[in-house]
Amino acid sequence: MSRYILAGTDGSAESIAAARWAADEAVRQGHALRIVHAWTFEDDIHAAPDQPAEVRALTERMLADAAEQVRATHPGLEVHTGLLTDDAPVASLVAAAAESELLVLGSLGLGGFEGLLVGSIGLGVAARCEVPVVLVRAERADGAGRRAEVVLAVDTREPAAEVVDFAFQQAAARGAVLRAVHGWTPPPVWGYAGWVTPQFETEQFRALEAGLLREALGAWRAKYPDVEVVEDSRIGSGAGAVVDASGDAALVVVGRRRRHRLGAHLGPVAHAVIHHAQAPVAVVPHN
């Protein structure tokens with residue numbers, strides 16, 4: 001199994017949705033699928049000291065059931081399973097993902113994570129993984145009722161090539177529209193009413209920001225000429241603009257800067273989008 005998509009599961013509705021999403025992606029990319037469970041303290045709590053093998057057998061059955069569900073809806077897909085028994089679930093998931101194309105996990109969104117993503121595990125994985133991490137919610141996880149859009153959060157001052165390219169790849173593979181979203185706030189000036197932004201200056205900044213977005217996407221428009229692009233430059237915070245655009249999305253793509261010296265963590269936009277987007281969110285690491 002040289003190239004594969006990795007999915008984490010704990011048997012919850014969210015993680016089953018993640019496995020289905022990962023299976024769809026594996027078929028699109030022509031890769032195999034590997035479904036894993038990361039052993040956590042909850043597994044240890046449920047394990048009877050005199051019957052540890054029983055919990056392991058149940059876990060392996062859960063993995064087999066997840067694989068069977070995926071095979072039933074994706075005939076012909078090569079599916080493997082694995083149990084990660086390291087006591088550090090974040091580290092074990094990150095290590096397992098190192099040889100995969102991307103990692104897919106289940107997420108509740110709008111209020112936190114459960115199951116496999118207990119506490120900070122899901123956020124920790126997204127902040128440390130060297131491959132893209134996709135967080136999938138059970139609700140509408142299959143994209144039913146959505147338009148075929150991939151929403152990309154764009155920093156026009158410093159567009160990250162890895163993030164933009166990933167979004168264009170996803171749009172091309174799905175035959176989807178790419179909606180490139182850039183939120184910006186006009187600088188205020190002092191007037192009789194306090195700090196305000198006159199309408200004339202606002203329109204000037206609107207044109208400037210739209211031009212910066214167009215310029216940031218130029219190279220990828222040429223690389224992916226068949227992808228329809230909607231340039232969505234709007235007043236407001238970057239995270240708020242992306243969340244607002246996520247309601248009709250099949251996938252939302254955000255970047256996460258690698259910060260080896262300062263420690264791994266998610267930026268404010270990625271963090272907000274993960275918690276509030278109404279669609280699966282791909283967190284793509286970049287330099």
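For reference, positions follow the sequence shown, starting with 1.
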Side chain to side chain contact (heavy atoms under 4.5 Å, CB included) evaluation trace for Arg206 with Trp184:
CA-CA 9 Å; Arg206 193 188 307 276; Trp184 58 277; 3.8 Å; yes
Please lay out, stage by stage, how Leu6 and Val36 fare under the test side chain to side chain contact (heavy atoms under 4.5 Å, CB included).
CA-CA 7 Å; Leu6 184 67; Val36 299; 3.6 Å; yes
Would you please test His182 and Asp232 for side chain to side chain contact (heavy atoms under 4.5 Å, CB included) and show each step?
CA-CA 6 Å; His182 168 53; Asp232 190 344; over 6 Å; no
Side chain to side chain contact (heavy atoms under 4.5 Å, CB included) between Phe166 and Val163, intermediate numbers included
CA-CA 5 Å; Phe166 179 88; Val163 182; 5.8 Å; no
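In summary, Glu68 and Arg61 engage in a salt bridge, as defined by a charged side-chain N under 4.0 Å from a carboxylate O. In summary, Glu209 and Arg234 do not engage in a salt bridge, as defined by a charged side-chain N under 4.0 Å from a carboxylate O. With salt bridges taken as basic N to acidic carboxylate O contacts below 4.0 Å, none links Arg20 and Asp24. For Arg179 and Glu228, the salt-bridge test fails: no basic side-chain N is under 4.0 Å from an acidic carboxylate O. With respect to Glu162 and Arg256, no salt bridge is recorded, no charged nitrogen being found less than 4.0 Å from a carboxylate O.
The two residues Leu63 and Ile35 come nearest to each other via the heavy atoms CD2-O, 3.8 Å. Contact detail for Val242 and Val181: the closest heavy-atom pair is N-CG1, 4.0 Å. Across Val79 and Ala67, no two heavy atoms sit closer than the pair CG1-CB, 3.8 Å. When all heavy atoms of Ala98 and Val131 are compared, the pair lying nearest together is O-CG1, 4.5 Å. The two residues Ser100 and Leu103 make their nearest non-hydrogen contact at OG-N, 4.4 Å. Shortest non-hydrogen contact noted between Pro280 and Val134 is CB-CG1, 4.3 Å.
Linking ILVMFWY residues whenever their side-chain heavy atoms come closer than 4.5 Å, directly or via other members, places Val104 and Val27 in the same cluster. Follow the hydrophobic side-chain contacts under 4.5 Å out from Ile16 and you never reach Val133; the two are in separate clusters. Cluster annotation: Val243 and Val269 are assigned to the same hydrophobic cluster (Ile/Leu/Val/Met/Phe/Trp/Tyr, side-chain heavy-atom contacts under 4.5 Å, transitive).
Looking only at side-chain heavy atoms (C-beta outward), Thr185 and Ile235 stay at 4.5 Å or farther from each other. Asp165 is listed as a side-chain neighbour of Tyr224, based on a closest heavy-atom distance under 4.5 Å. Taking the side chain as every heavy atom from C-beta outward, Glu101 and Glu25 never approach each other to under 4.5 Å. The side-chain heavy atoms of Ile274 and Val283, taken from C-beta on, include a pair separated by under 4.5 Å. At least one side-chain heavy atom of Val229 sits under 4.5 Å from a side-chain heavy atom of Phe168. Residues Leu251 and Trp21 form a side-chain contact, since some pair of their non-hydrogen atoms from C-beta on lies under 4.5 Å apart. Side-chain contact check for Leu33 versus His80: every heavy-atom pair is 4.5 Å or farther apart. Side-chain contact between Leu152 and Leu178 is present, with at least one heavy-atom pair separated by less than 4.5 Å.
Side chain of Ser246 to main chain of Gln278: a donor-acceptor pair is present (N/O by atom type, distance under 3.5 Å, no hydrogens or angles). In this structure, Arg128 contributes its side chain and Gly124 its backbone to a donor-acceptor pair below 3.5 Å. For the pair Thr156 (side chain) and Leu213 (backbone), a donor-acceptor distance under 3.5 Å is absent. In this structure a side-chain-to-backbone donor-acceptor pair under 3.5 Å is present from Ser237 to Gly240. Side chain of His271 to backbone of Gly267: no donor-acceptor contact under 3.5 angstrom is found.
The distance from the NE2 atom of His275 to the CG atom of Leu135 is 9.5 Å, given to the nearest 0.5 Å. A distance of 5.5 Å separates CG of Leu217 from CD of Glu231, quoted to the nearest 0.5 Å. Between atom CG of residue Leu77 and atom CZ of residue Arg71 there is a gap of 8.5 Å, rounded to the nearest 0.5 Å. From Gln169, atom CD reaches atom CH2 of Trp220 across 11.5 Å, with rounding to the nearest 0.5 Å. Taking OG1 from Thr81 and CZ from Arg34, the interatomic distance works out to 8.5 Å, rounded to the nearest 0.5 Å. Going from atom OG1 of Thr9 over to atom CD of Gln69 covers 8.5 Å, rounded to the nearest 0.5 Å.
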